[in-house]
Amino acid sequence: MLERSTDGAFDLVFLDSERPEYPGWWPDLKRVLRPGGLLVVDNATSHQAEMAPFVALVSADAGFVTSLVPVGNGEFLAVKADHRWSDPR
């Protein structure tokens, strides 16, 4: 589905799937999210070791702002930056 989706097609993407596959999906995930779009990844604290490579990859991407919400099994959040957020001064 990701490969067939157009650039910026999604406001929200929720991942709760095969965690070891996430890093390979990253190029398409960031492509299909619109600026200001949100990526939510479930089980971020309950499967921390499996999630570590993906969390590091996304957190290192300057085009995203990330946060870990330690509720339930944990949610890793990544918001795609929007150039309109910049201070025009």
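Computation of the quantities below employed the complete heavy-atom set of this structure, encompassing side-chain atoms and omitting hydrogens, waters and symmetry-equivalent molecules.
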Worksheet item: What about L15 and L57, same hydrophobic cluster or not, with Ile/Leu/Val/Met/Phe/Trp/Tyr joined at side-chain heavy-atom distances under 4.5 Å?
Response: yes
Discussion item. Starting from L12, can I reach V58 by hopping between I/L/V/M/F/W/Y residues whose side chains sit under 4.5 Å apart?
Written reply: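 Cluster IDs for V58 and L12 differ.
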Indicate yes or no: at least one non-hydrogen side-chain atom of [X] is less than 4.5 angstrom from one of [Y].
{"X": "P53", "Y": "Y22", "result": "no"}
{"X": "L38", "Y": "F14", "result": "no"}
{"X": "V13", "Y": "V40", "result": "no"}
{"X": "V41", "Y": "E75", "result": "no"}
{"X": "N43", "Y": "D16", "result": "yes"}
{"X": "T66", "Y": "L77", "result": "no"}

Discussion item. For S5, is there any backbone N or O sitting under 3.5 Å from a side-chain donor or acceptor partner on R31?
Written reply: yes
Mind checking the [atom1]-[atom2] spacing from [X] to [Y]? Nearest 0.5 Å is all I need.
{"X": "D28", "Y": "R4", "atom1": "CG", "atom2": "CZ", "answer": "11.0 Å"}
{"X": "R19", "Y": "M51", "atom1": "CZ", "atom2": "CE", "answer": "8.0 Å"}
{"X": "W25", "Y": "L39", "atom1": "CH2", "atom2": "CG", "answer": "11.0 Å"}
{"X": "W26", "Y": "F64", "atom1": "CH2", "atom2": "CZ", "answer": "3.5 Å"}
{"X": "L33", "Y": "D7", "atom1": "CG", "atom2": "CG", "answer": "11.0 Å"}

Fill in: side-chain hydrogen bond (donor to acceptor under 3.5 Å, both in side chains) involving R34 - partner list, sequence neighbours excluded
D11
Worksheet entry | Sequence-distant partners of Q48, side-chain hydrogen bond (donor to acceptor under 3.5 Å, both in side chains), two or more places apart | none
Considering non-hydrogen atoms only, spot the tightest contact between [X] and [Y] and give its length.
{"X": "A44", "Y": "L68", "result": "CB-CD1, 3.5 Å"}
{"X": "K30", "Y": "K80", "result": "O-NZ, 2.7 Å"}
{"X": "V79", "Y": "G36", "result": "CG1-O, 4.0 Å"}
{"X": "P27", "Y": "P23", "result": "CD-O, 3.9 Å"}

Worksheet item: Judged by modelled atom types alone, do N73 and D42 share a side-chain donor-acceptor pair under 3.5 Å?
Response: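 Distance-only check fails for N73 and D42.
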Fill in: Intermediate values then yes/no, side chain to side chain contact (heavy atoms under 4.5 Å, CB included), F54 and S59
CA-CA 8 Å; F54 185 68; S59 297; over 6 Å; no
